[in-house]
Each structure stands twice: as C-alpha cells, then as structure tokens.
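See structure below.
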Amino acid sequence: MPAEQIIIRDVEKTFQTRGGPVQALAKVNLTIEPLSFVSVVGPSGCGKSTLMNLLAGLDVQTGGTILIGDKPMKGPQEGNAVVFQKDLLLEWRTVLANVLLPFELQNVTWLDRKDRTTNKQMAEDMLKMVGLEGFGDKYPFELSGGMRQRVSICRALIQQPSLLLMDEPFGALDALTREQMMYDLLKIYKRYNCTVIFITHSIEEAVFLSDRVLVMSPRPGSVVEDIAIDLDRPRGMNTRMDARFLGYVRQIRGVFQSQGVLAEV
Amino acid sequence: MKASFNLRQALSVSATFVGFLLLWQLVCVIFSIPSYLLPTPTDIIGRMIQDSDVLLRHSGVTLFEILAGFALSVLFGIPAAVIIVYSKYFSQSVFPLLIGLQCVPMISIAPLLITWLGFGIVTKVMIAFLISFFPIIVSSVVGLKSMEKEMLMLATSLRANRMQVFLYFRLPKALPSIFGGFKVGITLAVVGAVVAEFVSSDRGLGYLQLVANSRLDITMQFCVIVMLGIIGLTLYNIVGLIEKIALPWYRAARGGE
C-alpha cells in the first residue's frame with residue numbers, strides 16, 4: 001500500500017471529564033506529505049499523544065476532518081502501524097511470536113505475498129536488522145528496555161506500514177540507548193518507504209530525525225511553528241555538531257521560551 | 001546454579017522435617033508419653049502400613065469429593081468471571097454480592113445442603129465446590145480486569161476483534177492470577193470435603209477420623225491427618241506444576257519461586 005498524503009483540517013478534540021470539558025487540541029491544520037519524516041514536539045499535556053491517537057484511528061476528533069489520501073479516517077486501518085512509549089510486548093509470547101502477532105490477528109500467511117517468503121522468515125529478517133538475531137526464542141523478560149522497544153518496532157514494521165506512528169518511543173530509555181535507537185530508526189526509515197510521524201518532547205531528537213518539525217503550544221494544543229529541517233541525509237553523529245542542526249535546536253528552544261514553556265531562572 | 005540451589009533447599013527442608021520427627025520420637029520415649037495421648041512417628045507409620053487398605057479406601061472417597069468439587073469450581077468459576085468482566089450489570093451488582101457472600105462461612109450451610117441433597121456424596125462435592133468457588137472466581141475477575149489501557153490501544157491499532165482481544169490479550173494476562181485462585185481453591189476444596197464428612201457421612205477420611213475419635217484411637221486420627229496432609233500437599237503441587245509448565249514466562253520472570 002503506497003504512502004498517501006494526510007490532510008488534517010480544523011481538527012479539534014475536547015475530552016469530557018468530571019471537572020467539565022477539557023480542550024486538548026484546538027483547530028489543528030496540517031498537510032503531511034507522503035514518505036516524509038515529521039516530528040511533533042511539545043510540552044507534556046499539549047495534546048501530542050491525542051493528535052497521534054486521532055491519526056492512528058484510536059480516538060475520534062470532536063471537530064474537523066482527517067483525510068488519508070482522499071478518504072476520511074475511520075478507525076485503525078491497514079497500512080498504519082503504531083509504536084507506543086511502552087513497548088507493550090506480550091510477556092507470554094516469545095520475541096518471534098510477538099513480532100508475528102499482527103500476522104496472526106489478521107490471518108496473513110506467506111500465500112499473501114508475491115515473493116512467498118514465510119512469516120517467520122520475515123520476522124527473523126526484521127529482528128536481524130535491529131540487531132536481535134538469535135533472540136527469537138527468548139521471552140520479553142529476558143531482554144533489556146532498548147531491546148524490548150526494538151522488538152515492538154519490528155512488530156510495527158512487519159505490517160509493512162505506509163504510515164508509521166511513533167508516540168515517544170524512546171521516552172523510557174536511557175540517553176545512550178536512546179541515541180543508538182535514533183541511528184537505527186534512520187536506517188529503518190531509509191529501508192522502509194513510509195511516512196513517519198514521530199511524537200517526542202526532545203528537541204534534539206526531533207531535529208536530528210526529521211524533514212519537518214511541528215512545534216506545539218501548551219494545552220489546548222495547536223501547531224505554533226512549522227519548521228522544515230534542511231539537513232543532508234544520511235545523518236550521523238557529525239550531524240549533531242553541524243551549525244545548522246544547532247541553529248534549528250536554538251530556534252525551537254526560542255519558540256518554547258516565547259510560549260513560556262521554558263524559562264531561565 | 002539455580003538447580004543446585006533448589007536441591008540444597010530441598011535437602012534442607014527434608015533434613016528439618018526428619019529432625020522434627022526424631023525430636024518427636026525422642027520426647028515420647030524420654031517422657032514415656034502413653035500412645036493413647038501422643039503416638040510416636042514410628043507408631044503412626046506402622047499403623048499406616050498395617051491399615052493401609054482402610055486408609056486408601058477412605059482417601060479415595062475424599063479425593064474424589066475434592067477433585068469433583070474443585071473441577072466444578074473451575075468449570076463454573078471461569079465462565080462466571082468472564083461474564084462479570086464483560087457485563088456491567090454483573091460486575092456492578094452481582095460481583096459485590098458474591099464478595100459479600102464470601103464472608104459467610106460456607107460450612108454453615110452444610111446442614112441445609114444435607115436437608116436438600118441428602119447424605120450422599122453429592123452434598124460433599126457441593127460443599128467442596130462452594131468453598132473453592134469463591135477464590136477462583138474472585139482471582140479470575142481480578143486477572144481478567146488487569147489488562148492496561150495501553151494494551152487495549154495496541155490491540156485496537158492491530159485491528160483485533162473482541163474475541164481476539166480476549167484470547168490474545170486479556171486471558172493470557174489473567175492466567176497468573178487465575179492460577180493463584182486455583183492454588184487457594186484446591187486447598188479449600190480439601191477443607192470443604194473433610195468438614196462436609198464431619199457433618200454427616202459413612203465414608204471418607206473425615207468419617208474415619210470421627211470414628212477413630214469416638215474410639216479414642218489417637219494413632220488412627222494421626223494417620224488420617226497425615227493422609228490429608230499428603231493429599232493437600234500433592235494437589236497443591238500438581239497445580240503448581242501445571243502452572244510452571246503452562247506459564248514458563250511467568251515463573252521465570254519472577255526469578256523462580
């Protein structure tokens with residue numbers, strides 16, 4: 001399934017809580033080009049996850065429309081895969097069985113593929129790509145946090161998504177693992193042709209990975225700045241020293257300062 | 001490493017048990033306690049061998065009551081738990097009542113059951129069932145409700161249908177808790193069967209104990225207690241073994257025992 005343009009028009013989301021209605025998203029307007037890597041940064045509670053849930057079809061907006069291609073969004077659909085902040089591996093399944101879960105739920109078999117590779121072969125290739133060759137028979141509890149999140153990324157990729165949604169996927173990892181995961185993610189992005197929407201609260205992470213960074217305001221969230229990141233790919237450790245990289249980071253930090261999200265004492 | 005630790009622990013437990021029996025024997029001999037007050041371990045073992053046919057026959061009856069009662073609890077407890085978890089009415093109105101009912105000692109309804117069901121084996125099975133039913137249903141409900149919201153979001157994003165959410169996510173997640181209920185349930189089923197036999201019966205270990213008691217046959221009473229201990233311990237360990245085989249990820253995740 002080829003990646004399609006995503007159009008978000010006047011999207012609003014208000015939650016009904018006991019303390020009255022809470023507006024999480026206020027009139028978001030966006031067009032996301034196919035195959036682009038777009039990050040959304042913003043402070044906690046700004047509605048980034050709400051936006052992602054809407055794009056994943058896990059929630060329904062209270063106003064506006066979301067179009068994928070030219071069809072309105074209706075629930076979780078084929079071609080979309082989600083990676084959550086928690087790895088959400090099923091503890092009772094081996095690593096391989098966890099990666100194969102989407103196939104099992106949708107009854108996908110090797111007969112559904114032109115090249116006739118088996119499900120197992122696909123899963124093993126995927127694990128190999130993220131450096132987990134030979135870990136297929138292990139249970140999740142035997143893996144470190146970074147390894148577990150890699151497995152959950154494999155579980156998303158095996159669906160061969162045209163849109164990969166990632167909700168702070170590295171948020172629970174230590175700084176070094178996090179950095180390594182970024183390099184790995186770029187490798188994956190290069191190999192799999194898909195649109196990536198990446199939610200994070202790390203400015204550096206957003207700039208490093210993306211073609212475009214959307215900066216969100218505190219609640220009710222809206223996009224206050226839309227920054228195209230003009231850095232060469234492939235990106236690597238040197239990119240982080242690039243003056244342009246630092247410039248983008250400074251620019252976004254400035255936006256947060258003007259929003260009152262960041263302040264020097 | 002772990003195996004050798006388990007072996008060492010097993011040795012230590014056995015040695016302690018044997019030491020306890022030796023001490024018991026010694027106390028009886030040194031203070032020359034008459035066997036109609038406290039028989040020595042050797043008295044008990046001798047008697048168990050001598051009367052093994054009687055003991056085994058009555059054990060068989062009690063074992064059947066325990067297993068039948070427990071099986072009924074599992075058979076009804078788990079579907080009932082599923083209904084409670086999926087139905088708002090049952091979870092909000094029936095489940096609290098069930099929990100409240102748990103505070104009523106099930107044994108107290110034994111005389112009623114005899115009135116209704118007679119003196120036969122059915123009454124005993126029913127009591128074993130009623131007493132082991134509650135821990136199984138309660139822990140199954142707790143287990144089935146333990147699925148996190150995020151997990152449900154994952155299932156939804158993978159386009160799992162309701163049945164798949166249950167079979168792939170909710171049920172496996174509940175299994176450790178369900179097995180916890182089984183372990184409590186099987187122990188209580190033993191209690192239920194024996195107490196039911198105390199109330200009225202013409203066979204079974206509870207009956208044997210009452211007869212021995214009325215004859216002031218202390219040794220026989222100890223034999224019955226030993227048999228009950230063996231039955232209880234064996235059944236508990238069988239459930240534990242099944243759990244270990246069925247949930248390799250669970251035991252191991254918690255570092256063995």
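So that the names make sense, note that chain A is the first sequence line, chain B the second, and so on, each numbered from 1.
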*Considering only heavy atoms and a distance below 4.5 Å, find which of A:Q85, A:E142, A:K86 pairs most often with chain B.*
A:K86
*Shortest non-hydrogen contact from B:A80 toward B:I137*: CB-CD1, 3.5 Å
*Over 12 foreign heavy atoms within 6.0 Å of CG, B:N161*: yes
_Quick check on the interface: out of B:P172, B:A160, B:A155, who has the most heavy-atom pairs with chain A under 4.5 Å?_
B:P172
*Which bit of A:L101 is near chain B, if near means a heavy-atom gap under 4.5 Å: side chain, backbone, both or neither?*
side chain
*chain B contact via A:D59 - which portion, at a heavy-atom distance below 4.5 Å*: neither
*Examine whether an atom of A:Q77 lies under 4.5 Å from a heavy atom of chain B, and if so say whether it belongs to the side chain, the backbone or both; otherwise answer neither.*
backbone
*If you draw a 6.0 Å radius around OH in B:Y236, do more than 12 non-hydrogen atoms from other residues or ligands fall strictly inside?*
no
*Grab the two heavy atoms, one from A:S210 and one from A:V38, that are nearest each other, plus how far apart they are.*
OG-C, 4.4 Å
*Is B:R170 positioned over the aromatic face of B:Y86, cation under 6.0 angstrom from the ring centre and no more than 45 degrees off axis?*
yes
*Given that the side chain runs from C-beta out, which part of A:L58 has a heavy atom under 4.5 Å from chain B: side chain, backbone, both or neither?*
side chain
_Contacting region of A:E78 [heavy-atom separation from chain B under 4.5 Å]_ = both
_If you count heavy-atom pairs within less than 4.5 Å of chain B, which of A:F84, A:W92, A:Y139 leads?_
A:W92
_Whether A:R113 engages the ring of A:F103 as a cation-pi pair (distance to the six-membered ring centre under 6.0 angstrom, angle to the ring normal within 45°) should be assessed._
yes
